[in-house]
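What you see is a predicted model; the values in this text were computed from it and never measured. For the single chain, residues carry numbers from 1 onward in sequence order.
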Amino acid sequence: MSGASLARLAAQLPRDKADTLLLLGAALMVLAPHAGHLPLWVSSLCALTLLWRTVATVRGTRMPSAFLLLPLSMAAMAGVFMSYRTLFGRDAGVAMLVLLVAFKMLEMHARRDLFVVIFLSFFLVLTNFFYSQSILTALMMVASIIALLTAQLSFQFTGSVPPLGRRLWMGARVFLLAAPLALVLFFLFPRIQGPLWGMPSDAQGGRTGLSNSMAPGNMSNLAQSDEPVFQVRFLDQVPPKPQLYWRGLVMGDFDGRTWTQLRRRRLPDSISMTARGEPIRYELTLEPSSNNWLFALDMPDRLPELSGNSAGVSRELEMTATLPLSKRVRYELSSHVDYSLDHGDQLNERDRWLALPQGFNPRTLETGAQIARMSADPAARANAVLGMFTRMPFSYTLQPPLLGRDSVDEFLFKTRAGFCEHFASAFVVLMRAADVPARVVIGYQGGELNPIDGFLMVRQTEAHAWAEIWIAGRGWLRVDPTAAVAPERVQRGLSSALAQNTPAFAGLGGLLDFGGERNALLEQLRFRIGAINNGWNQWVLNYTPDRQSGFLDSLKLSLMHWRNLAILAAIGAVLLLWRAIRQRRETDPVDALYSALCRRMSQLGMARAADEGPNAYAARLAQGTLAPDKLAAIERFLALYSAHKYSARPPASGLASTLKSLLNNI
């Protein structure tokens with residue numbers, strides 16, 4: 001059925017039915033976005049309830065009785081408890097509110113019930129932002145608010161009702177009238193530190209990312225997610241992609257298959273680092289997560305300052321926040337890409353960086369021992385392992401074969417297909433077996449620079465693992481074994497490396513890589529959408545108390561300047577003058593003629609009382625001493641004016657000229 005057919009059908013319905021269907025449509029706009037995170041039975045029950053109410057409205061059947069609704073409501077609440085194991089918290093509370101709005105549709109008997117549904121729907125609009133605060137969600141909620149306002153206005157009309165399009169415009173105008181006040185409150189109302197809604201069970205609702213352990217398959221699974229991790233705005237020149245290593249966690253303990261962080265034996269010593277060259281300054285906006293890890297360009301030279309939180313650093317230069325990062329945070333840092341770390345002649349706890357579990361990966365241990373016998377130079381031993389990766393038929397893939405107990409042996413000598421964690425793990429084990437201290441570092445490598453706004457977007461697809469080896473006098477040195485097998489991974493990104501090294505992706509290279517001219521239009525569109533979303537995140541969602549304080553300070557300084565005050569006063573005067581001129585232009589000419597008649601009668605000593613209507617005024621004037629011809633003109637004038645203002649019939653054409661002619665005869 002077309003939109004015109006639906007409009008004609010709605011126009012043929014009685015007014016109460018049409019208004020109810022409009023309210024059902026507005027409520028559906030509010031409820032529909034919750035279907036993505038509510039249990040399927042809740043969404044299905046709400047859909048059936050709204051359909052039930054729609055059919056009952058169109059057919060004019062009776063609403064169900066309370067004896068049916070009460071058991072149904074109790075059963076629904078029991079279902080919520082069974083689904084969430086609680087009736088409190090964000091998810092359970094939203095589910096109950098959604099069901100309440102749907103069930104209330106079947107209980108609308110009086111006028112007050114309609115407004116209960118409308119006000120509940122207004123509150124339910126806010127709950128959509130518990131799950132998504134994107135621009136798309138905001139636009140959808142604006143449309144929902146306008147639809148609810150239109151439904152609310154429709155119930156207020158008495159007599160004739162304007163067409164639906166005009167009522168929608170009235171609802172939009174009400175929204176636009178409130179928007180300036182909302183903007184003022186957004187910028188000036190004191191920001192509250194932390195969420196408005198929170199329960200202990202909701203604290204882990206952030207996004208997942210890197211794990212605090214690394215095993216075969218971890219990074220490859222994560223790299224298939226396109227979720228953003230952080231955005232970076234460089235205050236200096238953007239480094240080339242091979243230098244974009246975003247440091248995360250350092251893994252030192254290995255049980256034969258899984259790498260974990262080194263267990264601390266004592267408090268960390270002072271960190272010995274020598275930086276060379278000018279630092280690279282940048283601003284990093286980190287998306288919410290369930291962890292407290294802070295990422296930085298390898299290697300940061302200081303700790304970031306966090307609003308409402310604090311940062312710490314480990315002996316391995318892993319940065320963490322004291323509190324979980326359950327909301328978006330932004331911090332400024334500076335890093336050096338050319339540095340020396342722990343570059344003394346001795347390494348603290350050297351034995352821990354050489355430890356390997358007994359009884360695992362015997363062929364790898366033997367290979368490492370052979371490499372150690374070939375050369376006494378640690379750098380030469382590392383080059384020998386990298387040469388082995390280059391010479392042998394290793395492949396870089398997102399779908400590596402499953403590995404058994406001796407995972408490194410099977411990868412090096414059997415499957416020879418893996419992702420970055422396979423190469424980093426095998427390299428570190430070989431280095432330790434060759435008596436070279438080594439460790440695994442996980443984080444992100446690369447990122448996509450948006451030429452529209454200049455922000456570098458780092459997504460989960462850039463998740464990466466590399467290695468560090470220690471050489472006396474040179475310190476910890478980064479070695480990326482993946483670059484020996486798939487240099488495109490570091491030079492151009494994941495999609496290029498997969499297209500070059502994995503035959504299964506060769507035919508999809510044009511779809512995975514947006515850098516070609518064939519996709520220029522699609523690429524520009526993607527960059528513009530990304531820039532809009534990033535601007536929304538930076539200036540709306542990340543409007544923190546500190547940013548508000550800075551904005552108010554700058555606003556105060558600006559307003560204190562006499563030139564700015566003069567400009568504001570001039571703008572205010574222009575606006576008042578424009579409003580006065582507009583009101584004068586919009587004055588009804590019939591009302592202007594009526595005011596002119598009242599002024600003339602006042603000059604004759606027969607002023608109209610403030611509470612006196614045109615008919616009562618005409619009756620009082622008839623008792624006066626006016627000449628019969630003037631009295632007849634006055635009575636005719638007031639009768640026409642009264643019919644124009646209060647009659648349901650359309651006004652007569654040429655009324656203003658008729659009244660003006662009568663006024664001239666008085």
Regarding [X] and [Y], does a basic nitrogen lie under 4.0 Å from an acidic carboxylate oxygen?
| X | Y | answer |
| --- | --- | --- |
| Glu349 | Arg315 | no |
| Glu421 | Arg257 | no |
| Lys414 | Asp406 | no |
| Arg330 | Glu283 | yes |
| Glu287 | Arg328 | yes |

For [X] and [Y], take the angle between the two ring planes, folded into 0 to 90°, and tell me which bin it lands in: parallel under 30, tilted 30 to 60, perpendicular over 60.
| X | Y | answer |
| --- | --- | --- |
| Phe389 | Phe394 | perpendicular |
| Phe411 | His422 | tilted |
| Tyr131 | His37 | parallel |
| Tyr282 | Trp246 | perpendicular |

Are the side chain of Asn292 and the backbone N or O of Thr322 linked by a donor-acceptor pair below 3.5 Å?
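Not confirmed, Asn292 side chain does not pair with Thr322 backbone.
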Any donor and acceptor pair, going by atom type alone, linking the side chain of Trp470 with main-chain N or O of Asp342 inside 3.5 Å?
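Pair found, side chain donor or acceptor close to backbone of Asp342.
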When rounded to the nearest 0.5 angstrom, what is the spacing between [atom1] in [X] and [atom2] in [Y]?
| X | Y | atom1 | atom2 | value |
| --- | --- | --- | --- | --- |
| Ile471 | Arg381 | CD1 | CZ | 10.0 Å |
| Ile280 | Ser334 | CD1 | OG | 10.0 Å |
| Phe455 | Asn450 | CZ | CG | 9.5 Å |
| Leu210 | Asn291 | CG | CG | 8.0 Å |
| Arg474 | Ile469 | CZ | CD1 | 7.5 Å |

Qualifying residue for ring-ring contact (aromatic ring centres under 6.0 Å, His included) with Phe254, from Trp259, Trp353, Phe360:
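It is Trp259; the other options fail the test.
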Nearest heavy-atom pair of Pro481 and Ala424: which atoms, and what distance?
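For Pro481 versus Ala424, the nearest heavy atoms are CG-CA, 4.1 Å.
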Is there a side-chain contact between Thr367 and Leu430, using heavy atoms and a 4.5 Å cut-off?
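Yes, side chains in contact.
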With no hydrogens and no angle check, do the side chains of Glu316 and Gln261 hold a donor and an acceptor under 3.5 Å apart?
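Absent: no donor and acceptor within the cut-off.
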